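Note that this is a predicted model, so its numbers are computed, not measured. Counting starts at 1 for both ligands and their atoms, in listed order.
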Amino acid sequence: MRSIIMGPPGAGKGTQARFVSERFGIPAISTGDIFRANVSQGTPLGVEAKRYMDAGDYVPDSITNDMVRHRLAEPDCASGFLLDGYPRTLAQVEVLDDILAESSTALDAVLSLVVDRDEVVTRLLQRARTEGRSDDTEEVIRHRQELYAEQTAPLIDAYKQRGLVVEVDGLGEVGEVAERIAAALSDL
Ligand code: ADP
């Protein structure tokens with residue numbers, strides 16, 4: 001299964017991606033996690049990415065696309081993957097199409113986690129208190145939500161036109177949401 005999980009910042013993509021990864025035996029690839037790992041290791045990629053991430057801006061497509069291209073070429077992605085946090089722009093959608101076409105593969109599903117805007121802001125502010133992510137301040141959170149609405153939400157419509165989108169209600173207990181997702185993916 002080659003798939004993407006989409007939803008606004010705070011929708012619970014990372015948490016749910018880990019469940020899907022375990023249940024379906026495919027790697028969950030989070031571009032945010034890869035960037036954060038590079039930031040904490042102080043790699044050149046991390047130094048570059050941090051400037052954008054701390055402001056809540058998107059890391060430039062050229063950097064992000066290369067990183068994803070390399071990750072998807074790893075052997076563990078051969079039989080499937082779940083992308084979390086990528087693609088986020090229409091240009092990234094096109095690059096992902098190219099990457100998949102090069103290996104004569106295609107996407108099977110785009111999982112859209114549907115959540116209420118106020119609820120996600122509350123969750124992010126909560127996470128700011130417990131995890132201390134440098135991009136979880138109120139101002140940066142608001143900026144990330146705006147960028148998402150402007151640049152990333154339209155991708156869901158683009159994938160809807162391809163008939164790939166599976167919508168799942170993201171409100172409720174983590175375990176309940178995980179069951180909804182598993183049921184939706186098993187029905188494919
Ligand atoms: P969230 O979904 O809560 O915004 P992520 O961990 O997915 O958190 O992403 C954190 C940050 O990493 C983003 O705000 C952005 O700066 C950067 N990032 C992650 N994925 C991408 C991407 N596909 N394109 C550009 N920037 C990205």
Side-chain angles (χ1 to χ4, degrees), residues 2-21 27-41 43-72 77 81-100 107 110-156 158-159 168 170 174 177:
R2 295 178 178 82
S3 51
I4 302 173
I5 185 164
M6 294 195 66
K13 297 187 296 292
T15 307
Q16 296 300 335
R18 284 187 282 276
F19 282 122
V20 172
S21 166
I29 300 171
S30 158
T31 44
D33 283 352
I34 300 175
F35 283 135
R36 279 186 289 278
N38 277 276
V39 169
S40 57
Q41 289 158 22
T43 69
L45 173 71
V47 171
E48 180 70 7
K50 186 172 166 43
R51 297 198 285 142
Y52 300 96
M53 294 172 77
D54 282 352
D57 287 326
Y58 287 172
V59 176
D61 282 345
S62 53
I63 298 176
T64 309
N65 287 329
D66 278 355
M67 186 179 87
V68 171
R69 185 182 287 278
H70 284 111
R71 181 63 188 89
L72 290 179
C77 295
F81 53 79
L82 175 66
L83 283 168
D84 161 16
Y86 184 93
R88 263 177 154 97
T89 63
L90 284 168
Q92 292 180 7
V93 169
E94 287 173 18
V95 170
L96 179 60
D97 286 342
D98 289 345
I99 294 172
L100 294 175
L107 285 172
V110 175
L111 200 65
S112 170
L113 266 187
V114 182
V115 288
D116 173 273
R117 203 184 159 110
D118 291 340
E119 167 70 18
V120 293
V121 174
T122 307
R123 286 188 195 176
L124 288 170
L125 290 171
Q126 177 68 34
R127 183 172 79 186
R129 283 189 286 273
T130 56
E131 291 179 22
R133 250 176 64 167
S134 57
D135 60 348
D136 276 345
T137 65
E138 193 158 357
E139 196 190 331
V140 175
I141 288 171
R142 205 174 306 118
H143 180 57
R144 280 158 56 212
Q145 299 285 348
E146 281 164 10
L147 259 191
Y148 175 82
E150 273 168 28
Q151 299 212 25
T152 304
L155 272 50
I156 297 179
Y159 283 126
V168 173
V174 167
V177 178

Subject >> Subset of ligand 1 atoms that lie under 4.0 Å from at least one heavy atom of D57 >> reply: 15 (C), 16 (O)
**OP:** Tell me which part of T64 gets within contact of ligand 1: side chain, backbone, both or neither, using heavy atoms under 4.0 Å.
**Re:** side chain
Subject >> Pairwise side-chain contact, Y86 with V95, heavy-atom cut-off 4.5 Å (strictly under) >> reply: yes
Original post:
Can you tell which part of D84 has a heavy atom less than 4.0 Å from ligand 1: side chain, backbone, both or neither?
Top reply: neither
**OP:** Mark the output for R127 as yes if a heavy-atom distance to ligand 1 is under 4.0 Å, and as no if none is.
**Re:** yes
Original post:
Considering only heavy atoms of Q92, which atoms of ligand 1 have at least one such atom less than 4.0 Å away?
Top reply: 22 (C), 23 (N), 24 (N), 25 (C)
**OP:** Below 4.0 angstrom from a heavy atom of K13, which ligand 1 atoms are there? Numbered from 1 as shown, please.
**Re:** 2 (O)
**OP:** Examine the proximity of ligand 1 to R51 and report which part, side chain or backbone, both or neither, has a heavy atom under 4.0 Å away.
**Re:** neither
Original post:
Side chains of T89 and D61: do they bring a donor and an acceptor to under 3.5 Å?
Top reply: yes
**OP:** Would you please say whether a donor-acceptor pair under 3.5 Å links the side chains of Y159 and S112?
**Re:** no
**OP:** Only heavy atoms count here, so choose which of Y86, Y148, F35 is nearest to atom 27 (C) of ligand 1.
**Re:** F35
Original post:
Under a 4.0 Å heavy-atom limit, does R133 contact ligand 1 with its side chain, its backbone, both, or neither?
Top reply: side chain
